[in-house]
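In what follows, a structure is listed as structure tokens, so that the remarks can point back to it.
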Amino acid sequence: MSSADASNPPMPFRPGSGTIAVVGAGVVGTATALALVRDGHDVILVDRDQPGMGCSYGNAGHIATEQLLPLASFATLRRVPGLLLDSTGPLGIRKGALPILARGWARDFLAACLPRAHAHGTAVLSGLIETVIQDWRTLLVGTGAEGRFQTRGHHSVWESAAPEAAIAAAMAAARALGVPVMAWGATPGDWPDLPPALRARVTGGMTYTGTGHVNDPHGLTQDLAATFVARGGRIEKAEVRALETDGARWRLRHDSGVIEAGAVLVAMGVDSGTLLEPLGYRVPLIAERGYHVVIPGGVPDGELDRPVVFENRTVIVTPMTMGLRATSFTDFSGPNDAPDPRRPALLRHHLRELGLMAPGGDSTEWTGCRPSLPDYLPILDASRRHPGLYAACGHQHLGLTLAAVSARRMADIVAGRTPPDPAMALDRFS
């Protein structure tokens with residue numbers, strides 16, 4: 001039976017029923033903890049690191065409202081062989097990922113690629129993304145972080161000799177999905193403002209007008225955490241190793257002791273499956289390692305005010321408060337796979353070619369693991385088998401994008417205002 005079986009709805013968890021322990025202080029967990037505190041709950045946020053570390057620390061900052069199609073599709077499958085054969089391309093599979101793929105992740109991915117499954121996944125993801133901008137604006141009210149969230153859209157650009165056909169196809173695909181886009185003029189003089197070095201290399205582009213970006217993802221999550229504490233929430237630094245319940249109370253075991261709670265919400269990113277598996281849930285998460293390079297200072301003010309996606313390179317560059325951040329690459333990885341040092345080196349090469357980084361210029365690098373489920377939909381659910389158990393995990397490349405809508409939905413699920421969607425059920429892979 002699905003944990004989202006409408007004939008057996010979860011019991012609401014009322015304020016005053018006990019503490020809700022949110023395990024995982026990434027952007028999804030922190031946003032959800034804040035939404036629960038605002039609902040009147042007593043909440044403790046638990047993580048081994050400070051809020052906003054892990055995958056949430058180094059993302060592209062892109063609020064990707066244009067990404068309505070789950071990556072589980074036949075279109076993705078057709079591209080995989082070519083991507084894997086390109087050693088400098090955006091996709092890699094590390095040795096440690098092979099057992100995870102073989103244990104059922106690849107099988108479930110193929111099932112999600114079937115036309116009917118993909119169409120359903122598109123409808124579910126589109127429903128989430130529909131309210132992303134408004135949910136973020138609502139969540140940020142009173143946090144002091146409103147200025148970190150910007151809705152200027154983003155540019156997609158090409159450097160190929162004749163990009164007209166590719167641009168036309170991309171515009172047609174966006175419009176077919178209802179994604180707002182704007183064509184560029186026929187000559188560079190009619191294009192949006194770009195740094196001179198980019199204008200010299202770019203041969204054409206388009207602008208997505210309904211997207212946004214965050215100018216400091218780590219700072220944003222820390223602002224959410226500070227507001228959470230100001231509203232009465234508590235933060236405890238601990239690495240939760242196991243969850244136990246007697247049916248009425250929960251015990252979160254960590255290296256230094258036990259945290260007791262009336263309910264627990266798992267938002268541990270790629271580690272969520274490890275915590276949930278002993279309770280009988282199969283949560284087939286795989287780590288998609290991503291990389292970034294930051295150039296301190298970035299480009300001069302006004303020359304780049306929104307993200308730019310370089311379609312020929314599969315690189316996105318975002319202006320942030322700490323500098324210019326370039327992100328790319330997806331390495332399917334196992335828990336013991338080390339980062340690939342060639343990836344940040346290649347990002348620096350791209351930045352130098354684009355004229356955004358001087359030879360020998362300063363930069364910093366980072367790597368983190370996106371938590372991906374085979375159908376590329378998150379888990380947003382309440383358990384039927386374990387009262388008081390909730391999960392919000394598996395947001396793949398869209399953790400920042402979907403954090404606020406996930407927080408609102410989880411608060412509604414906990415309160416019983418909205419039933420969970422079976423497509424995002426905790427036990428859908430069991």
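All values below come from the heavy atoms of this structure, side chains included, with hydrogens, waters and symmetry mates left out. Computed from a predicted structure; not experimentally measured.
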- Query: Under 3.5 Å, is there a donor-acceptor pair linking the side chains of His254 and Glu239?
  - Reply: no

- Message: Any non-hydrogen side-chain atom of Leu69 less than 4.5 Å from a side-chain atom of Thr122?
- Response: yes

- Step by step, work out the side chain to side chain contact (heavy atoms under 4.5 Å, CB included) result for Trp136 and Thr151. CA-CA 11 Å; Trp136 263 116; Thr151 53; over 6 Å; no

- Return yes if some donor-acceptor pair links the side-chain N/O of Thr221 with the main-chain N/O of Gly52 below 3.5 Å, else return no. no

- Query: Can you list the steps and then say if Asp193 with Asp305 is a side chain to side chain contact (heavy atoms under 4.5 Å, CB included)?
  - Reply: CA-CA 9 Å; Asp193 289 338; Asp305 65 349; over 6 Å; no

- For the residue pair Val157 and Leu198, establish whether any side-chain heavy-atom pair is separated by less than 4.5 Å. no

- Note on the structure: ring pair (Phe, Tyr, Trp, His ring centres under 6.0 Å) filter on His154, not counting sequence neighbours, yields His62, Tyr208

- Note on the structure: salt bridge (charged side-chain N to carboxylate O under 4.0 Å, His left out) pairs touching residues 50-67, sequence neighbours excluded, are none

- Task: Would you list the pairs meeting ring-ring contact (aromatic ring centres under 6.0 Å, His included) in which at least one residue belongs to residues 67-117, sequence neighbours left out?
- Result: Trp105-Phe109, Trp105-Phe332

- Query: How would you list, by chain and number, every residue that makes a side-chain hydrogen bond (donor to acceptor under 3.5 Å, both in side chains) with Arg306, sequence neighbours excluded?
  - Reply: none

- Which heavy atom in Leu194 sits nearest to a heavy atom in His155, and how many Å separate them? CD2-CD2, 4.1 Å

- Message: Please list all pairs meeting salt bridge (charged side-chain N to carboxylate O under 4.0 Å, His left out) that have one or both residues in residues 153-173, counting only residues at least two apart or in different chains.
- Response: Glu159-Arg201, Glu159-Arg313

- Residues in salt bridge (Lys or Arg N to Asp or Glu O under 4.0 Å) with Asp375, at least two apart? Arg428

- Task: Tell me, please, which residues at least two apart from His118 pass side-chain hydrogen bond (donor to acceptor under 3.5 Å, both in side chains).
- Result: none

- Arg148/Asp223 ion pair, N-O < 4.0 Å: yes

- Taking every heavy atom of Ala112 against every heavy atom of Pro374, the minimum-distance pair comes out as CB-O, 4.1 Å

- Message: Once salt bridge (charged side-chain N to carboxylate O under 4.0 Å, His left out) is applied, what residue pairs with a partner in residues 82-109 remain, sequence neighbours excluded?
- Response: Asp108-Arg282

- Note on the structure: Between Ala411 and Leu36 the two heavy atoms that sit nearest each other are CA-CD2, 4.0 Å

- Query: With no hydrogens and no angle check, is any side-chain donor or acceptor of Thr65 less than 3.5 Å from a backbone partner on Gly210?
  - Reply: yes

- Message: Hydrogens and angles aside, do Thr330 and Arg370 bring a side-chain donor and acceptor to less than 3.5 Å of each other?
- Response: yes

- Message: A cation-pi test, strictly: NZ or CZ of Arg385 under 6.0 Å from the centre of the six-membered ring of Tyr281 and no more than 45 degrees from its axis. Yes or no?
- Response: yes

- Is any side-chain heavy atom of Asp47 closer than 4.5 Å to a side-chain heavy atom of Ile235? no

- Query: Quick one: does Leu77's side chain get under 4.5 Å of Leu110's, heavy atoms only?
  - Reply: yes

- Query: Under the 3.5 angstrom rule, does the side chain of Ser160 hit a backbone N or O of Trp158 as a donor-acceptor pair?
  - Reply: no

- Task: Decide yes or no for Leu224 and Leu140: does some side-chain heavy atom of the first lie under 4.5 Å from some side-chain heavy atom of the second?
- Result: yes

- Query: Distance-only, no hydrogens or angles: does the Ser383 side chain make a donor-acceptor pair with backbone N or O of Tyr390 under 3.5 Å?
  - Reply: no

- Residues forming a side-chain hydrogen bond (donor to acceptor under 3.5 Å, both in side chains) with Arg38, sequence neighbours excluded: none

- Message: Strictly by ring-ring contact (aromatic ring centres under 6.0 Å, His included), give each pair with a member in residues 397-430 just once, sequence neighbours left out.
- Response: none

- Query: Is a side-chain donor or acceptor of Thr318 paired with a backbone partner of Ala60 at a separation under 3.5 angstrom?
  - Reply: yes

- Item | Taking every non-hydrogen atom, the tightest pair across Val181 and Met171 | CG2-CE, 3.9 Å

- Met320 backbone acceptor or donor facing Arg325 side chain under 3.5 Å: no

- Query: Should we count CZ of Arg342 as having more than 12 external heavy atoms under 6.0 Å?
  - Reply: no

- Item | Met357 side chain reached by Arg352 side chain, heavy atoms, under 4.5 Å | yes

- Task: Just do the side chain to side chain contact (heavy atoms under 4.5 Å, CB included) check on Leu398 and Leu128 with the steps written out, would you?
- Result: CA-CA 11 Å; Leu398 299 176; Leu128 288 174; over 6 Å; no

- Task: Using the side chain to side chain donor-acceptor pair (under 3.5 Å) rule, collect all pairs that involve residues 123-133, keeping only residues at least two apart or in two chains.
- Result: Thr131-Asp135, Thr131-Arg408

- Message: Do the side chains of Arg343 and Glu365 get close enough for a salt bridge, i.e. N-O under 4.0 angstrom?
- Response: no

- With sequence neighbours excluded, what pairs up with Ser372 under the side-chain hydrogen bond (donor to acceptor under 3.5 Å, both in side chains) test? Glu288

- Query: Would a 4.5 Å heavy-atom cut-off, applied to side chains only, mark Leu426 and Val283 as touching?
  - Reply: yes

- Task: Could you tell me whether the side chain of Thr76 and the main chain of Ala72 form a donor-acceptor pair under 3.5 Å?
- Result: no

- Task: Could you tell me which non-hydrogen atom of Ala111 sits nearest to which non-hydrogen atom of Ala117, and how far apart they are?
- Result: O-CB, 3.5 Å

- Message: Would the distance check show the side chain of Asp421 and the main-chain N or O of Ala423 forming a donor-acceptor pair, the cut-off being under 3.5 Å?
- Response: yes

- Could you pull out the closest heavy-atom pair between Leu275 and Pro278, with the gap in Å? O-CD, 3.5 Å

- Task: Look at the side chain of Glu353 and the backbone N and O of Leu351, then say whether any donor-acceptor pair between them is shorter than 3.5 Å.
- Result: no

- Would a 4.5 Å heavy-atom cut-off, applied to side chains only, mark Val308 and Val315 as touching? no

- Message: Tell me whether Thr30 contacts the main-chain N or O of Ala25 through its side chain, where contact means a donor paired with an acceptor under 3.5 Å.
- Response: yes

- Would you please test Tyr291 and Asp340 for side chain to side chain donor-acceptor pair (under 3.5 Å) and show each step? CA-CA 9 Å; Tyr291 301 79; Asp340 185 345; 5.4 Å; no

